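Quick caveat: nothing in here was measured; it's all calculated off a predicted structure. Order of appearance sets the numbers: ligands from 1, and atoms from 1 within every ligand. Values below: every heavy atom of this structure, side chains too, minus hydrogens, waters and symmetry copies.
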Amino acid sequence: MRISGIVQGVGFRPFVYNLASAARLAGFVGNDTDGVFIELEGDEARLERFISDLERLAPPAARIQRIDVAEVPPHGATSFRIVASHHAATGTALVSPDLRTCDDCLAELRDPADRRYGYAFINCTNCGPRFTITEQTPYDRPNTTMAPFGMCRGCLAEYHDPADRRFHAQPNACPECGPAISSVPHAEDPIRDARRRIAAGEIVAVKGLGGYHLACDATSDRAIGLLRERKGRIDKPFAVMVADPATAAAIARVDSDEARLLTSRERPIVLLRRRPDTVVSDLVAPGNGHLGIMLPYTPLHHLLVEPGDCWVMTSGNLSEEPIAIDNAEALDRLAGLADAFVLHNRDIHVPCDDSVVRMLDGAEYPIRRSRGYAPFPVPLPFDAAPLLATGGELKATFCLAAGRDGFMSQHIGDMENLETLDAFTRAVDHFISLFRIEPEVIAADLHPGYLSTRWAERSPLPVVKVQHHHAHVASVMAEHGFRDRVIGFAFDGTGYGTDGTVWGGEVLLADYDGFERVGHLRSALLPGGDSAVRHPGKMALSHLDAAGIPWSDDLPPVMSLVPGERALLTTQLERLINTVPTTSMGRLFDAVSALTGVRQIATYEAQAAIELEALVDLTEGCSYEFDLQDQNGPLIMDPQPVLAAIVDDLRGAVEPGVIAARFHTAVASMIVEVAERIRTRTGITTVGLSGGVFQNVTLTHAAANALGERGFAVLTHRLVPPNDGGLALGQAVIAATRR
Ligand code: ZN
Ligand code: ZN
Ligand code: FE
């Protein structure tokens with residue numbers, strides 16, 4: 001029998017051993033680069049029973065993709081054993097994502113009588129580090145960063161005892177033989193010292209599973225202010241770690257689906273609706289209606305964070321740099337950020353940031369797919385030739401694909417500097433060697449300036465260029481296994497269009513082969529190119545200009561500019577100096593946010609839109625209305641009447657929350673109206689929603705529900721993010737199809 005899927009590092013061989021022994025079957029089980037192989041001899045009925053039990057009773061962290069069975073002549077074996085791993089040059093054994101500490105290990109961690117009481121590296125076949133310590137497959141101790149630690153007699157006995165929970169647990173360790181924590185500056189008890197420092201408002205760097213965190217007290221304005229100052233991060237939200245669901249529920253509203261996600265084995269950061277007036281400092285997520293909360297996922301976290309604690313846990317890096325993983329590197333790079341360090345001597349082989357997930361209508365909606373999920377593959381809708389898709393620029397991930405597997409990488413970061421590009425290259429090399437896939441073609445974004453595109457062009461392999469929004473639409477199709485044409489709404493901030501302008505409010509009639517641009521937002525000028533992204537106020541004025549609405553002194557974005565700046569902007573827009581036309585929906589959200597008086601200058605991506613969404617008054621029933629112009633070319637979605645109505649509402653002293661609500665409803669209604677017109681013309685009844693704008697769940701929920709009511713089948717994301725973090729999946733299926 002050959003078993004493929006996540007069957008290594010999850011206690012699969014011991015499970016098979018126990019199952020076979022109990023059924024009195026002889027033979028052997030082992031790991032190789034394809035997964036697990038088993039040979040069995042014995043009574044036929046018991047053999048059949050074994051096969052059905054194998055799937056039914058598999059260990060909790062295992063994910064069986066396929067079982068192939070063939071008959072071979074019997075050897076006359078009399079017992080069952082676990083045999084040495086086979087190393088072959090080919091094959092793609094899956095590597096398990098890192099697994100949160102299991103309940104059995106947690107109980108031992110807290111049991112003063114246990115030999116691993118308080119031991120920060122306790123693990124078993126059901127839990128512990130996996131992907132981040134794996135250098136090579138098969139997943140055996142010598143191929144991990146646990147290789148330097150020789151097991152003591154006690155650990156070895158467990159490792160070899162089929163009845164033990166640590167039977168063949170590769171990272172098995174104890175205080176006598178395994179990794180140990182230390183601190184800088186030196187402290188007798190690093191845990192207690194770190195807790196004392198955090199209580200006193202200091203910032204402590206903590207080495208975790210896939211990198212360093214910076215930890216501090218989330219209830220202290222002073223500590224958060226200090227962290228923001230040192231990290232160079234003005235408003236971008238920080239994630240919070242709390243010890244248990246009860247503490248989470250005290251600071252945010254947690255429904256049953258969200259509670260399940262919070263306590264899931266993936267342990268992502270869950271975006272939860274924050275409660276007003278809690279102990280958590282407003283500086284943690286200013287202007288944001290949500291709070292990113294996660295529960296401890298390593299034994300070290302469990303030792304550090306106690307019930308009632310609310311700690312900021314943010315990536316240990318300067319803004320936009322990749323997360324630090326090496327002790328010496330961390331001590332150097334984080335020296336100006338942290339007051340103290342909690343370190344350990346188990347190396348991290350692969351950097352891996354925390355994942356971010358929210359719930360959308362009872363289903364998981366990924367915002368960042370990384371630790372706990374990567375490198376588990378996304379199933380592809382058809383067999384793909386071996387290829388590498390390099391993704392976009394912001395929130396970079398790549399996809400290494402072959403056959404039905406799309407191995408999406410962990411989150412790499414924003415590919416705007418050499419450090420991130422290096423991290424990208426290292427991660428690609430690691431995936432290629434781990435999964436033994438030699439790409440024959442590279443897919444890349446059409447944007448000539450993206451570092452990922454230039455990286456692809458330097459390779460000797462043929463490069464397939466994929467239009468950004470086509471890739472977005474294909475990504476949501478692919479994760480639903482959808483193979484027909486869809487009406488794809490790709491709404492995001494920026495993407496390079498086939499005409500060289502900046503797209504981002506696109507309606508594409510698309511399949512994996514190609515697309516027709518059947519609609520788009522009426523374009524406006526992006527003043528100063530990318531600097532407009534940081535100035536929603538200027539974007540608002542540009543949109544008012546395009547809509548023929550005068551810049552009256554009473555409008556917030558007009559007020560935000562001094563007369564000199566206004567004159568400069570006017571000249572810029574009139575003479576088209578350093579401006580590009582854009583159909584970006586993200587920029588329209590920015591413009592409306594600024595016009596409503598919510599935000600004129602953004603310090604992180606999508607801030608203006610996030611703060612606008614946070615204000616939405618859910619009791620509001622009215623809406624604005626876009627003008628749809630249906631001439632011979634693509635359908636033009638014109639926001640002119642929306643902007644005019646907002647200006648009227650502002651003058652009528654309508655609350656910003658009401659304006660925000662009316663705008664969100666207007667965009668959702670426009671999506672439905674556009675989809676209906678295209679359905680009438682083409683008969684296509686499936687709609688895909690993708691692109692960063694759909695991280696806005698208020699919009700996505702409203703649009704998806706309204707489309708459903710009108711009889712559309714709606715594809716929304718559930719495996720990869722709607723933002724550029726999911727782009728590589730779409731590129732992969734498009735390149736595979738064109739190939
Ligand atoms: Zn465990
Ligand atoms: Zn030991
Ligand atoms: Fe995008």
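Each of Tyr17, Tyr139, Tyr159 was scored for a ring-ring contact (aromatic ring centres under 6.0 Å, His included) with His168, with one residue passing: Tyr159.
Without hydrogens or angle criteria, His535 side chain to Ser531 main chain gives a donor-acceptor distance under 3.5 Å. Using a distance-only test at 3.5 Å, with no hydrogens or angles considered, a donor-acceptor pair links the side chain of Asp98 to the main chain of Thr132. In this structure a side-chain-to-backbone donor-acceptor pair under 3.5 Å is present from Arg738 to Lys465. A donor-acceptor contact shorter than 3.5 Å is absent between the side chain of Thr145 and the backbone of His349.
Gln731 approaches Asp445 most closely through the heavy-atom pair NE2-N, 3.5 Å. Pairing each heavy atom of Tyr365 with each of Pro722, the nearest pair is OH-CG, 3.6 Å.
Nearby protein atoms of type N, O or S around the Fe ion (ligand 3) amount to 4 (distance under 2.8 Å). Only protein atoms were considered; those of element N, O or S under 2.8 Å from the Zn ion (ligand 1) number 4.
Under the 30°/60° scheme for interplanar angles, the aromatic rings of Tyr450 and His447 are found to lie parallel.
In this structure, SG of Cys174 and SG of Cys177 enclose an angle of 120° at the Zn ion (ligand 2), rounded to 10°. Rounding to 10 degrees, one finds that the Zn ion (ligand 2) sits at the corner of an angle of 110° between Cys155 SG and Cys152 SG.
The line from CG of Asp499 to CZ of Arg517 is 5.5 Å long, rounded to the nearest 0.5 Å.
A cation-pi arrangement is found for Arg63 relative to Phe376, the charged atom lying closer than 6.0 Å to the ring centre and inside a 45° cone about the ring normal.
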